[in-house]
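The structure appears right after this line, and notes come after that.
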Amino acid sequence: MERPLTEHIRKDLRPLTLKEYEQVGGYQSVRKALKDMAPKDIQSVVKDSNLRGRGGAGFLTGLKWSFVPMDSSIDTKYLIVNADEMEPGTFKDRLLLESAPHQLIEGMIVSAYGIQANISFVFLRWAYKEAANNIRFAIQEAYDAGYLGHNILGSGFNLEMHLHTGVGRYICGEETALLNSLEGKRATPRAKPPFPQVSGLFGKPTIVNNVETLSCIPHIVNKGADWFQKLSLTNDAGTKLFGVSGKVRTPGLWELPMGITMRELLEEHAGGMQDGLKFRGALPGGASTDFLVEQHLDVKMDYVSIAAAGSRLGTGTMIVLDDKTSVVGFVRNLMHFFAQESCGFCTPCREGIPWIEKILTSLEAGKGEGHDLNLLDFHTKYLGPGNTFCALAPGAMEPLQSALRYFRKDFEQYIAEELPHTTDPLPVKRN
Ligand code: L3W
């Protein structure tokens with residue numbers, strides 16, 4: 001089984017130096033692209049590869065790039081890697097940032113060349129200190145070796161790269177809030193359209209891609225679109241970093257073919273449930289996705305199959321719910337996070353999520369009332385797609401609406417004051 005993204009990650013997770021990285025074929029795609037390929041060739045191979053964005057939405061990368069104007073009169077274009085990984089349960093980009101920084105930088109150089117961007121940023125989660133050190137060091141090495149800066153490898157292509165650390169706000173993972181933050185403004189999302197590809201950072205054409213997405217690019221350029229498609233077991237191309245957290249025997253992160261089943265991920269890789277616990281459900285891709293339950297265990301983990309099962313692949317990092325954990329407490333904990341992380345710009349999100357958190361807190365305390373479930377049902381629709389300015393609130397509603405669907409009895413038991421099992425209310429830490 002090929003694992004291109006993690007093949008050269010050491011057991012102790014120490015990143016390769018630039019020299020070590022070159023010895024295992026690193027920066028070959030930069031040489032190939034700048035010597036033998038036109039920008040449109042890079043765009044074509046990425047489009048043909050069917051690579052989908054790994055940040056959560058799964059938008060086709062080649063299609064996104066195709067919206068960038070290629071008019072040579074445009075003086076500045078930007079490429080930004082969204083490394084503001086803060087989705088609950090999601091810890092996949094961290095591995096690539098800390099342990100494979102040169103792979104990301106290589107992907108950024110080739111991608112920037114493909115869209116003819118001349119300035120690039122790594123927008124990094126503030127709490128990822130180790131990643132910041134490793135990326136900073138690797139950027140300097142790349143400058144010193146002539147892979148960044150002016151006239152890269154004598155090709156005439158110029159690219160600046162800057163590391164920018166965020167301020168620890170989840171909303172900065174939303175690409176237009178990220179752009180505002182990078183411009184020094186309050187991090188509220190912008191209206192789309194215009195999409196950043198046309199009018200992004202400082203009004204210039206800008207591509208924002210996820211860390212895992214851009215780390216795939218060197219391999220696609222080196223080995224081709226067909227090779228990338230064939231890594232997958234389904235029509236959704238490539239490998240994927242899949243994670244599992246919750247009360248399983250061996251929580252962790254693995255690079256596996258796209259399209260493995262939930263069952264395989266859970267049982268073979270995460271070792272199954274811990275002794276004495278049963279699987280009740282899982283959020284397949286971070287917190288802002290719908291629960292899948294036992295009947296879905298054979299669903300293939302790819303963007304299309306998971307959507308057909310009523311959820312989303314999201315970031316591909318699954319949070320597992322067991323039968324001894326309170327569903328109400330589990331969802332209340334997530335609502336606490338989303339309420340705290342709402343940027344406050346639009347009313348349904350700013351007022352609605354804290355209200356939901358209050359209802360769930362009172363349910364958990366045995367103070368629920370008969371109409372509470374109807375209120376919760378109403379809110380999941382009121383805060384759903386199309387009613388808020390960005391995807392934060394609709395994403396937050398996904399675990400709640402699906403918990404109300406699959407585990408309604410648990411909520412009803414709380415109202416009947418037959419409190420089932422409880423979870424210690426975990427204080428949610430901000431970092
Ligand atoms: C041109 C159109 N471009 C969409 C582009 C758009 C963006 C990308 C995805 O949220 C999800 C969210 C979270 N013309 C376009 C177009 N684009 N339509 O495609 O856009 P979009 O709007 O579908 O999603 P989004 O707002 O970027 C991402 C979910 O991911 N998620 C959260 C992940 C959080 C992290 C983190 O911690 N940093 O990864 C997990 O599931 O809920 O639904 O580039 O410009 N017509």
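All heavy atoms count here, side chains included; hydrogens, waters and symmetry mates do not. Note that the numbering runs from 1 along the sequence shown for the chain. All ligand and atom numbering here is 1-based and tracks the order in the structure.
Side chain to side chain, W227 and N222 fail the donor-acceptor criterion of an N or O pair below 3.5 Å. Judged by distance alone, the side chains of E141 and H102 do bring a donor and an acceptor atom under 3.5 Å apart. A donor and an acceptor atom, one from each side chain of T347 and R350, are located under 3.5 Å apart. The closest side-chain donor-acceptor pair between E106 and S29 falls under 3.5 angstrom.
Closest protein heavy atom to atom 24 (O) of ligand 1: A57 CB, 3.4 Å. Atom 32 (C) of ligand 1 has as its closest protein heavy atom E87 OE1, 3.3 Å. Ranking protein heavy atoms by distance to atom 19 (O) of ligand 1, first place goes to F59 CG, 3.1 Å. Of all protein heavy atoms, the one closest to atom 2 (C) of ligand 1 is F195 CZ, 3.3 Å.
Put simply, atom 44 (O) of ligand 1 has protein non-hydrogen atoms near it, under 4.0 Å away.
Under the 4.0 Å criterion applied to side-chain N and carboxylate O atoms, D41 and K32 are not assigned as salt-bridge partners.
Those atoms of ligand 1 that come under 4.0 Å of a heavy atom in D84, given as number and element, are 36 (C), 37 (O), 38 (N). Using a 4.0 Å cut-off to heavy atoms of M86, the atoms of ligand 1 that qualify are 36 (C), 37 (O), 38 (N). For ligand 1, the atoms closer than 4.0 angstrom to any heavy atom of G314 are 41 (O). Heavy-atom proximity to G285, at under 4.0 Å, picks out these atoms of ligand 1: 40 (C), 41 (O). Of all atoms in ligand 1, listed by their number and element, those nearer than 4.0 Å to a heavy atom of F67 are 1 (C), 3 (N), 14 (N).
Comparing heavy-atom distances from atom 31 (N) of ligand 1 across G166, G53, S288, A391 singles out S288 as nearest. Around atom 1 (C) of ligand 1, the closest heavy atom drawn from K192, E212, Q197 belongs to Q197. The heavy atom nearest to atom 35 (C) of ligand 1, out of those in G173, G56, G55, is found in G55. Closest to atom 41 (O) of ligand 1 by heavy atom, among E85, E175, R312, is R312.
Distance CZ/F59 to OG1/T213: 12.5 Å, rounded to 0.5 Å. We find the CH2-NE2 distance between W355 and H379 to be 4.5 Å, quoted to the nearest 0.5 Å.
Considering all non-hydrogen atoms of both residues, G55 and T315 come closest at O-CG2, 3.4 Å.
Between M301 and L256 the shortest side-chain heavy-atom distance does not fall below 4.5 Å.
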Determine, step by step, whether F291 and H296 satisfy the ring-ring contact (aromatic ring centres under 6.0 Å, His included) criterion, reporting the C-alpha distance in whole Å, the side-chain angles of both residues, the deciding distance to 0.1 Å, and the verdict. CA-CA 10 Å; F291 273 102; H296 301 115; over 10 Å; no
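Considering backbone and side-chain N/O of K64, one or more are found under 3.5 Å from N/O of ligand 1. Taking any N or O of V208, backbone or side chain, none lies under 3.5 Å from an N or O belonging to ligand 1.
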